[in-house]
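First comes the structure, then the notes that go with it.
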Amino acid sequence: MADRKHALPVSRKEDFSAWYQAVTAGADLAENACVRGCMVIKPYGFAIWERMQAIMDAKFKELGHCNCYFPLLIPVDLFEREADHVAGFAKEMAIVTHHRLEQRDGKLIPASPLETPLAIRPTSELIIGESMSRWIKSYRDLPVLINQWCNVMRWEMRTRLFLRTSEFLWQEGHTAHETEEEARKEARTMHDVYYWFVHDILKISCIPGKKPDHDRFAGAVDTFSIEAMMQDGKALQAATSHYLGQNFARAMNIQFQGRDDKLHLAHTTSWGSTTRLIGGLIMVHSDDDGLNLPSEVAPYHVVIIPLLKGSDRDDDIVSFCHSIKRAIEKSARVFIDLKEAEAQNKKWDYVRKGVPLICEIGLRELEDQSVSIIKRASNLEKLRIPLNKFEEQIEDMLIEHDKILQQKNEEYFRENTRDDIKTYSELKELFETENKFVIAKWSGSQENVNLLDEIGITIRCIPRQQSNAKGKCILTNEDADMDVILAKSY
RNA sequence: CGGGAAGUAGCGCAGCCUGGUAGCGCACUUGCUUUGGGAGCAAGGGGCCGGAGGUUCAAAUCCUCUCUUCCCGACCA
């Protein structure tokens with residue numbers, strides 16, 4: 001099919017970055033807003049986010065978390081309480097300093113300065129901790145397990161739709177526990193939840209692991225992440241969970257009276273995942289025809305396009321489309337596109353939108369009660385089957401769709417992961433021409449970590465799954481037995 | 001925030017050097033034709049050329065400032 005015309009004007013191979021933008025625009029997911037660094041998430045893109053939310057939210061609740069909502073604005077002096085935390089976020093903080101506009105010479109000028117400037121939340125550990133400190137008196141009040149779905153703002157220098165925008169949507173879970181063990185278990189559990197979501201739901205091959213010390217969340221004791229490989233070989237951090245120790249409890253005075261009658265600081269965690277996951281989906285599963293969506297998060301599983309010719313059979317064709325919808329809607333989200341437009345153009349639009357199964361229904365299908373199907377994940381392979389078979393097979397077809405996406409990505413992941421790079425010079429040489437995931441040994445020493453900076457590589461994580469084999473550190477050549485993943489990252 | 005490029009109709013671009021009433025392709029509207037694979041012909045609609053200032057009789061075009069986007073760095077989910 002190499003000679004087939006593709007649905008996008010630019011391929012992954014030609015220009016990955018332009019391709020990414022073409023997929024995003026072609027699927028009508030989002031666009032740049034008139035505000036610097038911010039995006040407008042359009043209906044189809046937001047529908048994907050809503051699917052993600054629904055799935056994760058149900059899982060969080062199943063695990064005992066409750067949703068709530070905290071203010072967008074955080075008094076700046078709260079940040080003075082946690083030194084590492086401020087250090088991490090200060091540079092990208094947006095601050096509200098005034099509360100009033102006045103008109104001067106036809107221009108609006110901020111007028112009344114605030115006594116205490118307010119930060120637009122970059123994350124909510126502090127303001128949630130402030131509440132927790134009042135909620136928690138006794139060990140009987142623990143654990144506190146909460147989550148919020150909201151927006152946050154980080155003033156990034158360089159932005160890209162979904163991957164890095166000044167404002168983005170996310171969920172942030174915050175929990176407080178009686179013991180370190182319990183809090184560590186929570187951070188680990190949520191790390192598992194994210195792995196499940198990214199791997200099992202989004203069908204993205206990824207590595208769960210711990211961040212090296214120099215790359216932890218600002219104020220955390222341990223940070224865990226999910227590292228996924230994009231189709232240009234770069235790593236994308238897909239979700240993180242943190243064990244915060246007693247750092248935030250100390251800063252915000254989250255104390256409780258324990259079983260021993262004494263006062264103790266709580267152990268807290270936080271964990272988050274963002275609309276960046278959509279960027280990850282795009283860069284993992286899309287191809288030169290556009291987006292490709294795993295069924296769990298696809299707004300529509302099946303789109304039916306009637307082929308109408310302005311004849312007296314048109315009504316019959318449309319009713320047949322409704323029969324098809326009724327036959328399969330128990331097992332699939334179905335949309336009949338009745339918009340007056342060229343059927344061919346609609347077809348290519350839905351190809352770009354990554355709809356798993358696109359059905360074209362005209363006179364022929366009406367005559368013999370069959371369905372013509374284009375399988376998005378199988379290089380637009382076409383087949384025609386009787387409606388009753390379609391009804392029987394729809395679930396299997398979606399499972400097959402997901403399997404194809406998963407297998408393609410697994411294969412790519414496998415082919416682009418190297419475990420044979422043993423020395424820094426080999427590493428340097430490799431990354432001069434290619435982007436790969438490299439599994440190598442690291443001593444854990446901060447010494448020579450700057451060598452990685454020089455070649456634009458980072459230690460993505462210390463994978464949870466360790467080989468336990470002995471070897472030499474790729475940076476210092478000392479004996480080392482810890483495996484790490486090295487890669488370029490987004 | 002440093003280095004580079006670009007902003008002209010919804011999208012992609014030409015025009016700018018050498019100032020003189022704003023163009024092309026796609027998309028959109030209408031009509032006719034076509035019709036199982038991203039249609040053809042014809043007629044239309046849509047832009048004070050990113051914004052502000054300056055030079056000039058006259059600015060899309062020259063000058064200054066500014067905003068935004070894209071690419072390469074640094075920073076980050």
Side-chain angles (χ1 to χ4, degrees), chain A residues 4-10 15-18 20-22 25-26 28 31-39 87-93 105-107 122-123 151-172 194 198 211 215-218 223 225-228 235-242 270-280 289-290 305-311 314 317 340-352 358-367 370 372 374 380 382 384 453-456 458 460 488-490:
Chain A
R4 177 168 66 79
K5 192 173 160 187
H6 286 282
L8 295 181
V10 57
D15 184 340
F16 194 80
S17 180
Y20 175 81
Q21 289 168 74
D28 209 21
E31 62 190 18
N32 280 309
C34 60
V35 191
R36 195 207 86 107
C38 294
M39 65 176 164
F89 285 106
K91 280 172 293 181
E92 50 194 51
M93 204 93 82
D105 307 328
K107 293 211 165 149
T123 179
N151 56 346
V152 287
M153 179 157 275
R154 299 180 186 178
W155 210 262
E156 300 291 350
M157 289 298 127
R158 194 173 161 195
T159 60
R160 258 184 125 184
L161 289 178
F162 290 115
L163 295 176
R164 188 176 303 101
T165 45
S166 297
E167 180 189 18
F168 57 90
L169 304 183
W170 77 345
Q171 58 69 216
E172 49 178 328
Y194 288 138
V198 173
K211 284 288 184 186
D215 200 19
R216 283 179 314 211
F217 172 74
T223 287
S225 74
I226 306 293
E227 300 292 329
L236 186 77
Q237 181 172 316
T240 53
S241 54
H242 318 286
S270 67
W271 28 276
S273 61
T274 79
T275 36
R276 173 182 267 191
L277 286 171
I278 297 175
D289 290 314
I305 302 172
L307 301 176
L308 305 176
K309 304 186 179 194
S311 77
D314 282 3
I317 292 173
E340 194 186 313
E342 285 292 327
Q344 295 93 324
N345 293 331
K346 287 188 194 178
K347 174 189 117 177
W348 287 105
D349 282 346
Y350 290 113
V351 166
R352 277 185 288 264
I358 300 166
C359 299
E360 295 177 299
I361 305 301
L363 270 180
R364 290 183 206 161
E365 289 78 9
L366 176 65
E367 294 303 333
S370 68
S372 288
I374 296 167
L380 312 187
K382 288 182 176 185
R384 184 150 163 228
D453 297 341
E454 284 170 24
I455 53 174
T458 49
R460 299 315 303 155
K488 270 194 185 145
S489 76
Y490 273 95

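Because only heavy atoms are used, hydrogens play no part in the values below, and waters and symmetry mates are left out as well, while side chains stay in. Everything quoted here is computed from the prediction, not taken from an experiment. Chain identifiers are assigned alphabetically (A, B, ...) following the order of the sequence lines, protein sequences preceding nucleic acid strands; residue numbering begins at 1 within each chain.
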Give me the distances for all protein-to-nucleotides 25-31 of chain B N/O pairs that come in under 3.5 Å?
none

Next on the checklist: Applying side-chain hydrogen bond (donor to acceptor under 3.5 Å, both in side chains), can you list everything that pairs with A:R216, at least two apart in sequence or on another chain?
Outcome noted: none
Item to check | side-chain contact (heavy atoms from CB on, under 4.5 Å) against A:E31, all qualifying residues, sequence neighbours excluded | outcome: A:V40, A:K42
Checklist entry - What pairs with A:T165 under side-chain hydrogen bond (donor to acceptor under 3.5 Å, both in side chains), at least two apart in sequence or on another chain? => result none
Next on the checklist: Counting the atoms with a prime plus P, OP1 and OP2 as sugar-phosphate, which does A:L277 contact under 4.0 Å by heavy atoms, base, sugar-phosphate, or nothing?
Outcome noted: nothing
Checklist entry - Which is true for A:E156 with a 4.0 Å heavy-atom rule: it touches a base, it touches only sugar-phosphate, or it touches nothing? => result base
Checklist entry - Between B:G36 atom P and A:E367 atom CD, what is the distance in whole Å? => result 15 Å
Item to check | Listed nucleotide nearest any side-chain atom of A:E360, set B:A74, B:G38, B:G37 | outcome: B:G37
Checklist entry - Rounding to a whole Å, what distance do you find between A:I305:CD1 and B:G36:C1'? => result 12 Å
Next on the checklist: Output the rounded distance in Å from CD1 (A:I455) to C1' (B:C72).
Outcome noted: 18 Å
Next on the checklist: Could you check whether A:R160 and A:S17, counting side-chain N and O atoms only, form a donor-acceptor pair closer than 3.5 Å?
Outcome noted: yes
Next on the checklist: What contact category does A:L163 fall into here, base, sugar-phosphate, or nothing, at under 4.0 angstrom with non-hydrogen atoms?
Outcome noted: base
Checklist outcome for this item: side-chain hydrogen bond (donor to acceptor under 3.5 Å, both in side chains) filter on A:E167, not counting sequence neighbours, yields A:N151
Checklist entry - Listed by chain and number, what are the ring pair (Phe, Tyr, Trp, His ring centres under 6.0 Å) partners of A:Y20, not counting sequence neighbours? => result none
Checklist entry - Think A:Q344 has a side-chain N or O under 4.0 angstrom from the OP1 or OP2 of B:G36? => result no
Next on the checklist: What contact category does A:T458 fall into here, base, sugar-phosphate, or nothing, at under 4.0 angstrom with non-hydrogen atoms?
Outcome noted: nothing
Item to check | Qualifying residues under side-chain hydrogen bond (donor to acceptor under 3.5 Å, both in side chains), relative to A:E367, sequence neighbours excluded | outcome: A:R313
Next on the checklist: Quick check for you: among B:G37, B:G38, B:A39, whose closest atom lies nearest to any side-chain atom of A:L307?
Outcome noted: B:G37
Checklist outcome for this item: Closest to the side chain of A:K309, out of B:G38, B:C75, B:G36, is B:G36
Checklist entry - So what does A:R384 hit on the nucleic acid, given a heavy-atom distance under 4.0 Å: a base, only sugar-phosphate, or nothing? => result nothing
Checklist entry - In whole angstroms, how far is the P atom of B:C75 from the CE atom of A:M93? => result 19 Å
Next on the checklist: Nearest to the side chain of A:R364, heavy atoms from C-beta on, is which of B:G38, B:G36, B:A74?
Outcome noted: B:G36
Item to check | All side-chain contact (heavy atoms from CB on, under 4.5 Å) counterparts of A:L307, not counting sequence neighbours | outcome: A:A343, A:E360
Next on the checklist: Please report the distance separating the P of B:A39 from the corresponding atom of B:G51, rounded so that it comes out in whole Å.
Outcome noted: 35 Å
Next on the checklist: Please find the pair of heavy atoms, one from A:P306 and one from A:I317, that lie closest to each other, and give the distance.
Outcome noted: CB-CG2, 4.2 Å
Checklist entry - Who pairs with A:Y490 by ring pair (Phe, Tyr, Trp, His ring centres under 6.0 Å), at least two apart in sequence or on another chain? => result none
Checklist entry - Side chain of A:S372: nearest nucleotide among B:G73, B:G36, B:G38? => result B:G36
Item to check | Under the side-chain contact (heavy atoms from CB on, under 4.5 Å) test, residues paired with A:A239 that sit two or more places apart | outcome: A:Y194, A:I226, A:S273
Item to check | Nearest-Å distance for atom pair CD/P, residues A:E365 and B:G36 | outcome: 12 Å
Next on the checklist: Between B:C76 and B:C67, how far apart are the two C1' atoms, rounded to whole Å?
Outcome noted: 24 Å
Between the protein and nucleotides 41-49 of chain B, are there any N/O to N/O pairs under 3.5 Å, and if so, what are the atom names and distances?
none

Item to check | Phosphate OP1/OP2 of B:C75: any A:R164 side-chain N/O under 4.0 Å | outcome: no
Checklist entry - Checking all strands, does A:A239 fall into the base, sugar-phosphate, or nothing category for heavy-atom contacts under 4.0 angstrom? => result nothing
Checklist entry - Rounded to whole angstrom units, what separation is found between the NZ atom of A:K347 and the P atom of B:U35? => result 19 Å
Checklist entry - With no angle test and no hydrogens, is the base of B:G36 tied to the side chain of A:K382 by a donor-acceptor pair under 3.5 Å? => result no
Check the interface with nucleotides 67-69 of chain B: list each N/O to N/O pair with the protein under 3.5 Å, or write none.
from: B:U69; atom 1: OP1; to: A:G37; atom 2: N; distance (Å): 2.9

Checklist outcome for this item: Separation of B:G38 atom P from A:I374 atom CD1, nearest Å, is 12 Å
Next on the checklist: From NZ of A:K488 over to C1' of B:A74, roughly how many Å is that when rounded to an integer?
Outcome noted: 15 Å
